[in-house]
Amino acid sequence: MRIFTAALGLEANTFLPLPTAYQAFVEKLYLPPGQQQARPSHQTAACWVAAERAKRDHFDVIAGPCYAAQPGGAATRAAYERMRDDILGELKSALPVDGIVFNLHGAMVAHGYDDCEGDLIEHARALAGERCVIGVELDPHCNLTEKRCRLADVIVLFKEYPHTDFTERGEELVDIVVKTIRGSLKPKMSLYDCRLIASFPTTIGHGFPYGDVPESGARVLVVTDDAKAHGDRLASEIGRELIALRERAAPPFHDVDGAIDAALKEPRGPVVIADTADNAGGGAPSDNTTFVNRLIARGVEGAAVAPIWDPVAVRFAFEAGEGAKLPFRFGGKTAKASGPPVDADAEVLRCVKDAHQTFAGAAVPIGDAAAIRMGGVEAVLISNRAQAMGVDLFSNVGIDPTRRRILVVKSNQHFYAAFSQIASKVLYAEADGPLPRDYRKLPWRRVQRPIWPLDAETHPRLVL
Ligand SMILES: [Zn+2]
């Protein structure tokens, strides 16, 4: 038995003007054919699990290339075609194969391609043949297009959000693929389209709400062992349940000053405030300055904000050196939604080369990083764009997060696994970053209508 593996990941925010080029993938994650990461990660878990299982279970894994970028704007056509053709070229030389395991994100859009995953699977299917078992692991922030669900044999999504279960889901997927090849399973997929755009701080399938493509939105996928009618019933039932919850699934939101007021009323800290509209995990630049500017203007003591993506300011902090006090400008650079830069008298507290934070046991690089202080407010500046995930985002640059009154983190929900352990309270706020929680504020043009909340009346249905 021979199984080919490869990975390709980009969560593409089509509302942002930033193009995601080939270099952005190489900088975040590139593994040439035959290599694997020391530990499984979001981007490679299924490939990693397949290689480990092959050692125990006496089959061959042919590891193709793995690529993943930080969420951003749509990939350039050249970048996508280069990576796709690299993966397909390796698959071609690996043929014949009995199975393919792909670790994909699921919301990848490229210039000229609304459904990169569907396109990749289509090409792989054409090369490997009808009998090849194709299994795919996806992030729940994916667009479950009809095409990919028709062309793959089985798709497994992470079920947790924060996504802490990528390895378990990889094990589930590889197990299904191996058993299907051996003839003891017959996966059948049922897909129900809820016709809604939403994000839930919970453990269900979502869709990616910042991708304006025809099949954007939340869908329910049920995989059964050769029981399609049962799967259809279950997918429709769960879908209808989700639709009934849609109005109250999201947590309440504060505006910036409302969140600071609420945090200051708490008898003890740290109160963690999520600045969700500037979440790099949704493709935002993560250099919006509204929270920092308001905290400084209000003279708040004991507040820290992280991360702010500003490689130039990080360089200035390194050049000034730890302990330096100087007039300093940072943030507010990349987009209109970044707001004005912060101009303040700052002290450089700590500079760390090749810094990282930890998420679900894995080290996530954030590039060179610096901690600075402006009166009672501290900020963590980073040079590799990333969202807040681990509390060591603060402690690795010398800020003890447990001793601060307010921690503002740029993240939608991934911060929650680690920060809820130290928080006296968690609040969600919407500043003026580019990812509003009211999806009606976005300039949708391509998504199939009607869809909630853009339209009041919708027509949910079984797609597959
Ligand atoms: Zn996700």
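Indexing begins at 1, ligand by ligand and atom by atom, following the structure's order. Only this structure's heavy atoms are used, side chains among them; waters, hydrogens and symmetry mates stay out. FYI, the numbering just counts along the sequence from 1.
Salt bridge absent: E215 and R148 never bring a charged side-chain N and a carboxylate O closer than 4.0 Å. Ion pairing between E81 and R77 holds under the 4.0 Å rule for side-chain N and carboxylate O.
Note on ring orientation: taking the six-membered ring where Trp is involved, the planes of F253 and Y428 are tilted (angle from 30° to 60°).
Listed for the D278 side chain is no donor-acceptor partner under 3.5 Å among the backbone atoms of K410. W309 places a side-chain N or O within donor-acceptor distance of the main-chain N or O of S383, the cut-off being under 3.5 Å.
A cation-pi arrangement is found for R82 relative to Y22, the charged atom lying closer than 6.0 Å to the ring centre and inside a 45° cone about the ring normal.
For the Zn ion (ligand 1), the nearby protein N/O/S atoms, meaning those under 2.8 Å, are D139 OD1, D139 OD2, H141 ND1, H163 NE2.
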